[in-house]
Amino acid sequence: MSTQSETGGDAVPSVHRNFIQAVIDADVAAGRDGGRVVTRFPPEPNGYLHIGHAKAICLNFTIAEEFGGRCNLRFDDTNPVREDAEYVESMKEDIRWLGFDWGAGEHYASDYFEQLFDFALELIEKGLAYVDDLDAAEMRAYRGTVTEPGRGSPHRERTPAENIALFQSMRAGEFPDGSRTLRAKIDMASPNMNLRDPVLYRILRVHHLRTGDAWCIYPMYDWAHGQSDAIEGVTHSLCSLEFENHRLLYDWFLDNLSTTYRPRQYEFARLNLTYTLTSKRKLIRLVEEDLVEGWDDPRMPTLSGLRRRGYTPAALREFCAGIGVAKFNSTVDMVKLENSLRDDLNRHAQRRLAVLRPLRVVIANYPEGETEQIEAVNNPEDEDAGTRKLPFSRTLYIDRNDFREEAPRKFFRLAPGREVRLRYAYCITCDEVVKDPESGEITELRCSYDPQTARGQTPDGRKVKGIIHWVSAAHAFDAEVRLYDHLFATPDPSGVEEGEDFTSNLNPDSLERLQHCKLEPSLADAEIGEHFQFERQGYFCVDTTDSAQGRPVFNRSVSLRDAWARIEKKGTQR
RNA sequence: UACCCCGUGGUGUAAUUGGCAACACAUCUGGUUUUGGUCCAGACAUUUCAGGUUCAAGUCCUGGCGGGGUAACCA
């Protein structure tokens, strides 16, 4: 198992102990389970893993590692109508990618179907479970409501012998789907709805991804989960807050069964993130209604989407370590996620020059036909990254954002009569703005350079505050670059007006495709999945799906922090 | 309306048996800088409210207020 940063082993240990670590500290100190710590991550294979799962994965695996224990990967495959082997594979891939290793601990709840069946027999023999003939609607009526007690089913008092025979017949396929259930006999008046004789088994003739057609009865979550934990020797079973009310039931089963181990369930708050959703149902809608391009669309909060967007395992793990674990239902600011990516990539991504919205610049006093090679640093945060050469010539491209015909206050980039430095190269002054006579659009800038200002020098000591990036026109490499923004325009996408749903909060500008961006020539060899910082703009990676050999497509993973954008925004708000 | 859980800067988490409210991110102000990036320094809270216990309460007790969860043969 590895929780070290994949890109450098520099993950910062969290300073604070969360409440779960505190519980385990105490358990270990008290010698419970002989000081053994076993956790598990128990996804249902019915969808793709997302950033919320990453929190649970990191929690379970890092706790196991911290206490010298292990963490199992257990697929909770108890409902074959929604589950598929495709999801099993994608989940394993995502967890491995995050950097965690479950070793021999790959399990399936379905591995325990036979033993679960025996446990059910044990419960029946003890008079604690019975076969019920009520259908779903009747059962709901008998259950009562949250404020009114329920009533016992007319079949509640069958004898153990009768129940055993009936349950065996259920398994043998003698009854139609949905006609009977096995229920625990607990308390139909309990204020905790989970204790009002919960269903243990339902009849379902559906092909199961692992057991095929061997079973026509399938266990419910509550019945399978705690016993699976016990079978695996799990000591601390961590789940999300909505299972708090299930803990009584979890304990009731274990207390009434002859299991060897006695796991304990602890609940923590699941992750909420601004400008995004982690509801499985809603994510499915986005995919099925083609509101995104699939589960791995770079705007999706799925791990496959984040991976394609350019998120690194180290950034995700650092994020998960930084948000903490508690019982308070909170919402983490998306900038926190973005910042953990910036942190990682700042240290590890090589810098490149890329012009996304090209504006032609001709340096009138630079010799025609001449090219010089200018040295550029690959990563100022990492000396070992070395340097590279950039071709410089008379005709360049700069970004349209870096030129204004009328420069606002505090704008210290290029404008008529103004001087800026071309990064790593010379200072240039804008002498003339060339426009299309018909459209009025700026087509070219005529500039002059100062030969004395190579490599950051200004012999006369004058200050040139503005520094902009550039690419030599003749050497530039054309590519498509995709700029991604939040999938949703509002911090809480599920908050909507009457009659609308979350899709009305989608951000219409979440994707901007730029064709014919002008990139420095070295980028032509960029490999799929490789990360770069395009200087002054952001972190980009080579798209894994739409890139071809020698024709990379770049995704913006996250922009750089932009002080000028903030100044400008403040100005327009006044 | 019943039961369960939770309320600490803008956000997310800390705070030993009750003992100077800490850390990170964000924001703002400065500094460094051939990325308006990074980095460095500083600023930013009467711990939801009201009582009570105590020399001392974020922490313990009572009550209020606010938020979340729970009535699938889903997980």
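In what follows, chains carry the letters A, B, and so on, assigned in the order in which the sequence lines appear, proteins first and then strands, with residues in each chain numbered from 1. Everything numeric in this text was worked out from a predicted model, so none of it was measured. Computed over heavy atoms, backbone and side chain alike; hydrogens, waters and symmetry mates excluded.
Using a 4.0 Å heavy-atom distance criterion, A/V325 is classed as a sugar-phosphate-only contact. Residue A/H246 is in base contact, counting any heavy-atom pair closer than 4.0 Å across all strands shown. Residue contacts for A/P380: at a heavy-atom cut-off of 4.0 Å it reaches a base atom on one of the strands shown. The residue A/A326 sits close only to the backbone: its heavy atoms come under 4.0 Å of sugar-phosphate atoms, none of a base. Across all strands, A/V199 comes closer than 4.0 Å only to sugar-phosphate atoms, never to a base (heavy-atom distances). Among the atoms of the strands shown, only primed sugar atoms or phosphate atoms (P, OP1, OP2) are found under 4.0 Å from some heavy atom of A/T331. The residue A/L134 sits close to a base: some heavy atom pair falls under 4.0 Å. Using a 4.0 Å heavy-atom criterion, one finds that A/I323 contacts the sugar-phosphate atoms exclusively. Residue A/Y218 is classed as having no contact, given no heavy-atom separation below 4.0 Å to the nucleic acid. Residue A/K280 is classed as having no contact, given no heavy-atom separation below 4.0 Å to the nucleic acid.
In this structure, CG of A/L337 is placed 13 Å from P of B/A26, rounded to the nearest angstrom. Computed from coordinates, the A/F319 CZ to B/A26 P distance equals 13 Å when rounded to whole Å. Spacing between atom CG of A/D177 and atom C1' of B/C73 amounts to 10 Å, rounded to whole angstrom units. The CG-P distance, from A/N79 to B/C73, rounds to 12 Å in whole Å. Here B/C3 presents its P atom at 12 Å from CZ of A/R196, a figure rounded to the nearest Å. Atom pair A/I398:CD1 and B/U35:P shows a separation of 17 Å (rounding to whole Å applied). For the pair A/R247 CZ and B/G69 C1', the computed distance is 13 Å after rounding to whole Å. Whole-Å rounding puts the A/R388 CZ to B/U35 P distance at 14 Å.
In this structure, A/R423 forms no cation-pi arrangement with A/W470, as its terminal cationic atom is not both closer than 6.0 Å to the ring centre and no more than 45° off the ring axis. Cation-pi contact between A/R210 and A/Y108: present, with separation from the ring centre below 6.0 Å and deviation from the ring axis of at most 45°.
For A/F328, whose side chain is taken as the heavy atoms from C-beta onward, the closest listed nucleotide among B/U70, B/C6, B/G36 is B/C6. Closest approach to the A/T147 side chain among B/U1, B/A14, B/U70 is made by B/U1 (side chain taken as heavy atoms from C-beta onward). Here the nucleotide nearest the side chain of A/N245, chosen from B/C25, B/G36, B/U70, is B/U70. With distances taken from any side-chain atom of A/F411 to the nucleotides B/U35, B/G36, B/A75, the minimum falls on B/G36. Taking only side-chain atoms of A/A563, from C-beta outward, the nucleotide of B/C6, B/G69, B/G36 with the closest atom is B/G36. Listed candidates were B/A75, B/G37, B/U13. Nearest to the side chain of A/S330 is B/U13. Looking at the side chain of A/D333, the nearest of the listed nucleotides B/A24, B/U11, B/A72 is B/U11. Proximity note for A/L560 (side chain, C-beta onward) versus B/C28, B/C4, B/G37: the nearest is B/G37. With B/A71, B/A75, B/U33 as the choices, the nucleotide that has an atom nearest any side-chain atom of A/K465 turns out to be B/U33. When distances are taken from the side chain of A/M220 to each of B/A26, B/G36, B/A75, the shortest belongs to B/A75.
Heavy-atom neighbours of A/R409 CZ from other residues, nucleotides or ligands within 6.0 Å: at or below the threshold of 12.
As rounded to the nearest Å, B/U38 and B/A26 have P atoms that lie 8 Å from one another. Rounded to a whole angstrom, the distance from the C1' atom of B/C28 to that of B/G10 is 12 Å. Comparing the same atom, C1', in B/G7 and in B/A50 gives a spacing of 16 Å after rounding to whole Å. B/C65 and B/U13 are spaced 26 Å apart, taking the P atom of each and rounding to whole Å. Rounded to whole Å, the C1' atom of B/U53 lies 15 Å from the corresponding atom of B/G63. Comparing the P positions of B/U32 and B/G37 gives an interatomic distance of 14 Å, to the nearest angstrom. Look at the P atom in both B/A21 and B/C25: the space between them is 23 Å, to the nearest Å. Rounded to a whole angstrom, the distance from the C1' atom of B/G18 to that of B/C60 is 8 Å.
Scanning atom types as modelled, no donor and acceptor separated by under 3.5 angstrom connect the side chain of A/R561 and the base of B/G36. A donor-acceptor contact under 3.5 angstrom links the side-chain atoms of A/R351 to the base of B/U35. On a pure distance criterion of 3.5 Å, a polar donor-acceptor pair joins the side chain of A/E381 and the base of B/G37. Within 3.5 Å, a donor on the side chain of A/Q533 pairs with an acceptor on the base of B/U35, or the reverse.
Ring centroid separation for the pair A/H225 and A/F243 does not come in under the 6.0 Å cut-off.
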Determine, step by step, whether A/R421 and A/T453 satisfy the side-chain hydrogen bond (donor to acceptor under 3.5 Å, both in side chains) criterion, reporting the C-alpha distance in whole Å, the side-chain angles of both residues, the deciding distance to 0.1 Å, and the verdict.
CA-CA 9 Å; A/R421 172 168 295 286; A/T453 56; 4.7 Å; no
So A/Y48 and A/D94, side-chain hydrogen bond (donor to acceptor under 3.5 Å, both in side chains) or not? Walk me through it.
CA-CA 9 Å; A/Y48 284 77; A/D94 287 345; over 6 Å; no
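In this structure, A/Y221 does not pack face-to-face on the six-membered ring of B/A75, missing the 5.5 Å centre cutoff or the 30° plane limit.
Side-chain N/O atoms of A/R143 include one lying less than 4.0 angstrom from OP1 or OP2 on B/C73. Of the side-chain N and O atoms in A/N339, one or more sit less than 4.0 angstrom from OP1 or OP2 of B/A26. At least one side-chain nitrogen or oxygen of A/R202 sits closer than 4.0 Å to the OP1 or OP2 atom of B/C74. Taking only side-chain nitrogens and oxygens, A/T78 comes nearer than 4.0 Å to OP1 or OP2 of B/A75. For A/R566, a side-chain nitrogen or oxygen approaches OP1 or OP2 of B/U27 to under 4.0 Å.
Classification of A/R462 and A/D450 as a salt-bridged pair holds, one side-chain N sitting under 4.0 Å from a carboxylate O. Salt-bridge formation is not detected for the pair A/R40/A/E232: no Lys NZ or Arg NE/NH1/NH2 atom is positioned less than 4.0 Å from an Asp or Glu carboxylate oxygen. A salt bridge links A/R17 with A/E66: the distance from a Lys NZ or Arg NE/NH1/NH2 to an Asp or Glu carboxylate oxygen falls below 4.0 Å.
With a cut-off of 3.5 Å on both Watson-Crick or G-U wobble distances, the partner of B/U16 is given as none.
Using cut-offs of 30° and 60° on the angle between ring planes, the pair A/F534 and A/F540 is parallel.
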